[in-house]
2 protein chains.
Amino acid sequence: MASPSSDAEDLPLRPSSEAVPHDLIELLFFAYRDFVGDPDRILADYGFGRAHHRVLHFVQRRPGLTIAELLDILQITKQSLNRVLKELVEKGYIEQRTGRQDKRQRHLHTTPSGQDLALRLVRLQAKRINRALEGAAPETAAIAARYLAALIDAAERPKVERLLDKP
Amino acid sequence: MASPSSDAEDLPLRPSSEAVPHDLIELLFFAYRDFVGDPDRILADYGFGRAHHRVLHFVQRRPGLTIAELLDILQITKQSLNRVLKELVEKGYIEQRTGRQDKRQRHLHTTPSGQDLALRLVRLQAKRINRALEGAAPETAAIAARYLAALIDAAERPKVERLLDKP
DNA sequence: AATTTGGGTCAGCCTTATTGACATATCTCA
DNA sequence: TGAGATATGTCAATAAGGCTGACCCAAATT
């Protein structure tokens, strides 16, 4: 292999801006798939899907959330949100309360059964994460969190960090 | 708050098997979304979607892959695979070669334009990852990779590790 | 020769998302 | 007060990417 293209292989290290970390790319795909796979199986028993899970999760995490805030977190259209939200309300997992100050707003809350389901799902995901952290170096959780946060669009990051910080 | 439920808050640390790392749960959602968002925008120009990306990616990474091997990696049905694969072949991004030893098999390869597109996409994802690693501690890449691998189903992990190790 | 394996395909269905258009109630501000 | 902006809800059509089930063919294996 004396072709010009062999040059790259002979270099000690390419600048990090050109290196392609195939492992990190592919691991994110596999990890994410299995991570959401756990809840998916349970949700199917309720006739719910991944979209319902996201809504339930963030409503559980930020009780009193408005529709507009939820749309901003999920970054989907209100039509998409409305379908799953309506189902969650109809089946008694989420409750809408008209705003006191601003009566146009709907504040979202989980009902007791909504809380049960949300807790069940979050514990399942926590179990997978905690299992992954068990044998790992103690800094793993902090480093992984920082890494994942750094993957988020710079423009979105402050919003996400605000979301995670508060409660 | 002297109710029984306040006990948990007074404990110094719950056992890791019960703690719920909300940040790691939510960060994975946001990070994954933005991570796949980059390629999505480019793929739209070609009339392709995320599913095409996955196929193209793994064919590029493991030239000569058979249909069965690809199905095993992606964990979708052959009907689902076939639709996107057919489009990639018809549009000239992937080529199928009948196996020499076993003529039933189809070995998949990227064409020159397939390689161009795959490279363009992988560089885009690499850029996001490398940007995330830039300011981070030097162990970040290794720790993140170990963490993500540990999130994968134990049964799948050896297969994935084999996939990542080889080339 | 019979069976298994690798791959292809038809048909129908579901979920999650999109765009575009429009309706209603409420709030804000000049 | 009246006009316009805002928060939400809803109808209709479309697309992507999955699924199941039922078949088919050709080649390999036994």
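Chain A is the first sequence line, chain B the second, and so forth, proteins listed ahead of strands; every chain is numbered from 1.
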Are Phe30(A) and Arg157(B) close enough, and set up right, to give a side chain to side chain contact (heavy atoms under 4.5 Å, CB included), and what steps lead you there? CA-CA 9 Å; Phe30(A) 292 114; Arg157(B) 212 172 302 140; over 6 Å; no
Let me see the working for Arg131(B) and Glu134(B) under salt bridge (charged side-chain N to carboxylate O under 4.0 Å, His left out), right down to the final yes or no. CA-CA 5 Å; Arg131(B) 221 194 313 108; Glu134(B) 255 166 34; over 6 Å; no
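Here the P atom of nucleotide dT16(C) and the CG atom of Leu56(A) are 13 Å apart, to the nearest Å. If you take CG of Leu70(A) and C1' of dG9(D), they are 15 Å apart, rounded to a whole angstrom. Rounded to whole Å, the distance from CD1 on Ile67(B) to C1' on dA27(D) is 16 Å. When rounded to the nearest whole Å, the span between CZ of Arg106(A) and C1' of dT24(C) equals 10 Å. Rounded to an integer number of Å, the gap from Gln75(A) CD to dA17(C) C1' is 14 Å. Remark: P of dG9(D) and CD of Gln105(A) are 11 Å apart, rounded to the nearest angstrom. Atom-to-atom, CD of Glu69(A) to C1' of dT6(D) comes out at 14 Å; the value is rounded to the nearest Å. When rounded to the nearest whole Å, the span between CG of Leu74(A) and P of dT18(C) equals 10 Å.
Closest approach of Leu151(B) to Ala132(A), counting heavy atoms only: CD2-CB, 3.9 Å. The shortest non-hydrogen separation linking Ser80(B) to Ile76(B) is CB-CD1, 4.1 Å.
Remark: His52(B) is not in phosphate contact with dA16(D), judged by side-chain N or O atoms under 4.0 Å from OP1 or OP2. Distances shown here put a side-chain N or O of Arg54(B) below 4.0 Å from the OP1 or OP2 atom of dG18(D).
With dC19(D), dT16(C), dT8(D) as the candidates, the nucleotide lying closest to the side chain of Ala68(A) is dT8(D).
Formation of a donor-acceptor pair under 3.5 Å by the Asn130(B) side chain with backbone atoms of Ala126(B) is found in this model. One N or O on the side chain of Arg33(A) and one on the backbone of Leu74(B) form a donor-acceptor pair closer than 3.5 Å.
Side-chain N/O atoms of Thr111(B) and Glu95(B) include no donor and acceptor closer than 3.5 Å.
Relative orientation of the His57(B) and His22(A) rings is tilted, given thresholds of 30° and 60° on the angle between their planes.
In terms of the side-chain contact (heavy atoms from CB on, under 4.5 Å) criterion, residue partners of His107(A) (sequence neighbours excluded) are, by chain and number, Thr66(A), Gln105(A), His109(A).
Using a 4.0 Å cutoff on non-hydrogen atoms, the parts of residues 78-103 of chain B near DNA chain D are Gln79(B), Ser80(B), Arg83(B), Gln101(B), Asp102(B), Lys103(B), ordered by number. Applying a 4.0 Å cut-off to non-hydrogen atoms, none of the residues of residues 25-41 of chain B approaches DNA chain D.
Residue side chain Arg104(B) reaches the base of dT5(C) through a donor-acceptor N/O pair under 3.5 Å, judged by distance alone.
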